[in-house]
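Shown next, in structure tokens, is the structure this report addresses.
As the structure is a computational prediction, the values presented were derived from the model and not from experiment. Side-chain atoms are counted along with the backbone in the values below, which use heavy atoms only and exclude waters and symmetry mates.
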Amino acid sequence: MARRRRFHVPRLADEAAGARIELPPAEAQHARVLRLAEGTEVELFDAAGNAWLAELTPAGGAAILRTPLASEKVRSTASGAACRLILAT
């Protein structure tokens, strides 16, 4: 089974199914380099932890949102938890 490709977009929080999302230029170029076909199912995600299944448009520079995935909020790394790193040589 082929792996679903993931692309980062600036914001997905207020989007709805059927919305057309323009991929940032670097991500659109990545989709073209991978030669992903029109209709290929991809995952779009943002820095806030929102993620959607989407379908690439014909030119590969945008995607149409289909189904929201479970939102996982990004956890803060400043939790105060103790961490010990040991390096062996």
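The distance from the CZ atom of Arg20 to the CD1 atom of Ile64 is 5.5 Å, given to the nearest 0.5 Å.
Within the structure, ring-ring contact (aromatic ring centres under 6.0 Å, His included) pairs that include any residue of residues 26-49 comprise Phe7-His30, His8-Phe45 (at least two apart or interchain).
Under the 4.5 Å side-chain criterion, counting only non-hydrogen atoms from C-beta, Leu23 is in contact with Leu44. With contacts defined as side-chain heavy-atom distances shorter than 4.5 Å, the pair Pro24/Val9 qualifies. Using a 4.5 Å heavy-atom threshold, the side chains of Leu12 and Leu65 count as touching.
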Subject >> Test side chain to side chain contact (heavy atoms under 4.5 Å, CB included) applied to Glu15 and Ile21, step by step >> reply: CA-CA 9 Å; Glu15 300 299 340; Ile21 303 295; 3.6 Å; yes
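Listed by chain and residue number, Glu41, Glu43 satisfy the salt bridge (charged side-chain N to carboxylate O under 4.0 Å, His left out) test with Arg4 (two or more places apart in sequence, or in another chain). Contacts of Arg5 classified as side-chain hydrogen bond (donor to acceptor under 3.5 Å, both in side chains), with partners at least two apart in sequence or in another chain: none.
Shortest non-hydrogen contact noted between Ala28 and Gly61 is CB-CA, 3.9 Å. Pairing each heavy atom of Ala62 with each of Glu22, the nearest pair is CB-OE2, 3.7 Å.
Although no hydrogens or angles enter the test, the distance criterion places no donor-acceptor pair under 3.5 Å between the side chain of Thr40 and the main chain of Leu56.
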